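When a residue number appears, it is its place in the shown sequence, counting from 1. Given the structure is predicted, the values throughout are model-derived calculations rather than measurements.
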Amino acid sequence: MKQFELAAPIGKPLTEAAIREEAARKLGIRPDALGETRIVRRSIDARKDILYRYRIEAARKGEALETFVPDPYLDVSNSRSVIVVGAGPAGMFAALKLLQRGLRPIVLERGKDVHARKKDMAALSLHGVVDPDSNYCFGEGGAGAFSDGKLYTRSTKRGDIREVLSQLVIHGADPDILVDAHPHLGTDRLPGIVENIRNTVTSHGGEYHFGCRVTSIERLPDGILRVTAADGQTFEARDVILATGHSARDIYEMLHGRGISLEAKGFALGVRVEHPQWLINQIRYHGKYQPFMPTADYSFVRQVDGRGVFSFCMCPGGILVPSSTEPDALVLNGMSNSARNSRWANSGVVVQIEPGDEPEEFRASGVFSLLDFQRDVERRMFRYVAEHIREGANPLAAPAQRLKDFCRGIESRDLPKSSYTPGVLSAPLHELLPEHVYIRLKRALPEIDREMKGWYTNDALVLGVESRTSSPVRIPRDPVTLQHPAMPGLYPAGEGAGYAGGIVSSALDGIACASAVSI
């Protein structure tokens with residue numbers, strides 16, 4: 001087997017004949033001695049001419065290319081049960097792995113199924129009504145079900161990414177995700193994929209319970225774990241995979257109240273920056289953008305005073321959405337449909353926050369110091385809007401400034417149009433953010449223009465606040481068994497436990513926990 005690269009202009013498909021001709025040449029064999037060929041990676045190269053670069057695998061006749069085939073799902077109707085708390089990426093992929101290992105997943109999700117939760121998100125966007133159990137963060141599919149569905153993690157340290165990608169394709173994702181360097185699913189396609197995963201679990205003997213917010217996890221004298229929901233339902237099993245997501249603050253408080261140890265953990269906090277998508281296209285394609293080309297994205301990272309400043313969850317051709325989980329707090333996020341065809345591009349631009357970076361007033365909260373700091377910033381944004389919007393306006397309107405005004409510390413006299421449905425409010429965002437966060441942002445943002453000329457412009461909008469980048473709390477676990485040291489049988493998993501960041505890494509961590517359960 002041999003790997004090699006080929007390039008072709010975007011808009012001019014790479015032909016099978018061209019692939020086979022080059023493969024035979026690379027292997028040093030006659031064309032009739034060539035066996036299988038396969039594209040394993042496709043990426044855009046916009047440094048000069050706009051090209052697709054392909055990585056190809058080829059084998060001689062009689063040899064086989066390695067193919068990843070997921071294990072089959074087993075009928076687990078009469079098997080030992082494992083409770084999975086949370087139906088986000090970590091929980092869903094844990095449930096699928098349990099099926100493969102012959103164990104019966106019982107999935108408990110505080111929110112609604114992926115279709116029913118759409119009504120609550122509409123109420124959130126149109127009227128600012130926050131359902132604490134059903135919103136952009138909570139419900140089947142988790143926060144990832146209504147995002148761009150980016151699958152950028154390529155690290156092999158957490159597990160075999162091919163398992164995650166192949167499972168997604170089995171459940172309805174475009175097979176292109178198997179080869180694209182920056183694959184994404186799209187908000188419009190994710191609900192169907194999520195529902196298909198649930199149907200796989202239930203058709204093989206597993207269970208799903210919606211509207212099932214967990215309020216207690218306790219260990220009984222015989223070693224069984226009892227999980228109690230807010231409506232009084234109880235579930236018992238020897239093992240519980242806790243995959244509740246980075247916004248389930250009540251879970252941290254419940255565990256802490258039961259004497260289960262937690263740790264403060266760094267996260268990132270900042271703003272959402274929204275540009276016209278045509279501008280990002282022109283910048284990234286050096287003025288050569290054509291409508292048949294993929295919608296352009298970007299990423300960057302800087303170091304300012306010992307802390308990272310970086311783009312996060314960039315949504316090309318996307319929109320901004322309210323991601324609040326509490327009625328008195330304001331949080332923003334971004335999402336894109338599969339076509340990435342909106343007029344705007346948005347990205348989180350955030351500053352690394354480590355334990356000790358929070359103001360002194362929060363340090364008395366101990367393990368919750370960063371969580372309380374995060375919550376305080378979200379509430380500060382909400383209070384400002386509540387005090388300054390006109391009567392009857394959406395209470396989740398976002399405080400905003402033009403980009404250059406933000407960095408110069410000037411309140412904007414007017415604002416460009418935004419994709420954010422609840423609306424925008426001209427505000428001194430530079431004063432509402434914590435000072436050390438603002439100082440690093442205002443130093444870093446003008447520098448981005450050096451690599452993306454035209455990005456630093458007053459035609460771009462800065463909105464607050466982007467705060468749910470990851471959990472500011474970690475639930476400890478043994479590095480080998482993946483169980484909590486003080487509660488055998490409890491497997492903290494995914495973003496909410498502090499061991500992942502994004503759909504793929506969360507899915508891989510859920511798989512790892514399910515695999516550990518089955519040992």
Between the side chain of [X] and the main-chain N/O of [Y], is any donor-acceptor distance below 3.5 Å?
X: D180; Y: H182; value: no
X: T325; Y: P132; value: no
X: N337; Y: A339; value: no
X: K404; Y: A460; value: no
X: S166; Y: E163; value: yes

Using the six-membered ring of [Y], assess whether NZ or CZ of [X] lies under 6.0 Å from its centre and within 45 degrees of the ring axis.
X: R474; Y: Y499; result: yes
X: R110; Y: F138; result: yes
X: R42; Y: Y54; result: no

Do any pairs count as a side-chain hydrogen bond (donor to acceptor under 3.5 Å, both in side chains) and have a residue in residues 422-438, sequence neighbours left out, and if so which ones?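 Counting only pairs at least two positions apart or across chains, the side-chain hydrogen bond (donor to acceptor under 3.5 Å, both in side chains) contacts touching residues 422-438 are Q401-H430.
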Could you tell me if the side chain of [Y] sits less than 4.5 Å from the side chain of [X], heavy atoms only?
X: I353; Y: F373; answer: yes
X: R38; Y: I56; answer: no
X: Y298; Y: M452; answer: yes
X: R468; Y: Q374; answer: yes
X: L445; Y: W455; answer: yes
X: L168; Y: L151; answer: yes

Is any side-chain N of the basic residue among [X] and [Y] closer than 4.0 Å to the acidic one's carboxylate O?
X: R25; Y: E22; value: yes
X: E378; Y: R383; value: no
X: K112; Y: D120; value: yes
X: E354; Y: K265; value: no
X: R117; Y: E140; value: no
X: R41; Y: E57; value: no

Show your reasoning for whether side-chain contact (heavy atoms from CB on, under 4.5 Å) applies to I448 and Y456. CA-CA 7 Å; I448 307 307; Y456 183 61; over 6 Å; no
Looking just at side-chain N and O atoms, do [X] and [Y] make a donor-acceptor pair shorter than 3.5 Å?
X: E195; Y: N199; answer: no
X: R53; Y: S43; answer: no
X: H171; Y: T200; answer: yes

Could I get the full list of salt bridge (charged side-chain N to carboxylate O under 4.0 Å, His left out) partners for K453, not counting sequence neighbours?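 K453 satisfies salt bridge (charged side-chain N to carboxylate O under 4.0 Å, His left out) with D449 once adjacent residues are dropped.
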Drop me the distance from S338's OG to L185's CG, to the nearest 0.5 angstrom.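 Rounded to the nearest 0.5 Å, the OG-CG separation comes out at 9.5 Å.
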Identified side chain to side chain contact (heavy atoms under 4.5 Å, CB included) counterpart of L429 within the set D405, V271, L441: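 It is V271, the one option of D405, V271, L441 that forms the side chain to side chain contact (heavy atoms under 4.5 Å, CB included) with L429.
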With side-chain contact (heavy atoms from CB on, under 4.5 Å) as the test, would you mind laying out the steps for L396 and S324 before giving the verdict? CA-CA 9 Å; L396 296 182; S324 303; 4.0 Å; yes
Side-chain donor-acceptor pairs of residues 8-17 under 3.5 Å, sequence neighbours excluded:
unit_1, atom_1, unit_2, atom_2, d
T15, OG1, A18, N, 3.1
E16, OE2, T37, OG1, 3.3

Can you check whether W278 and Y289 have ring centres sitting under 6.0 Å from each other?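 No, they do not, as the ring centres are separated by 6.0 Å or more.
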